[in-house]
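Working notes, beginning with the structure itself.
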Amino acid sequence: MPFKLKSLDGSVTPFHDSEYLPFYYFIPRSILQKCGAELNSIPRNPRMVFASREACEFIP
């Protein structure tokens with residue numbers, strides 16, 4: 001079930017692939033550093049994912 005994000009204008013947007021986000025945090029950082037810039041652009045702190053618009057756009 002996706003999370004829903006409320007924007008400043010009051011509209012609610014579903015965060016569709018957010019149910020897979022916990023699996024990302026089980027992957028060790030040493031493996032992710034070998035993968036590429038896209039995966040390393042997601043913050044390692046889950047709270048920062050929802051605070052960063054770029055991270056929210058990367059995880060549709």
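Between Val49 and Tyr24, the closest side-chain pair of non-hydrogen atoms is not below 4.5 Å.
Leu32 and Tyr25 end up in the same hydrophobic cluster when Ile, Leu, Val, Met, Phe, Trp and Tyr side chains are linked at under 4.5 Å.
Atom CZ of Arg44 and atom CD1 of Ile42 lie 9.0 Å apart (nearest 0.5 Å).
Judged by distance alone, the side chain of Asn40 and the main-chain N or O of Cys35 form no donor-acceptor pair under 3.5 Å.
Lys34 approaches Ser30 most closely through the heavy-atom pair CG-O, 3.7 Å.
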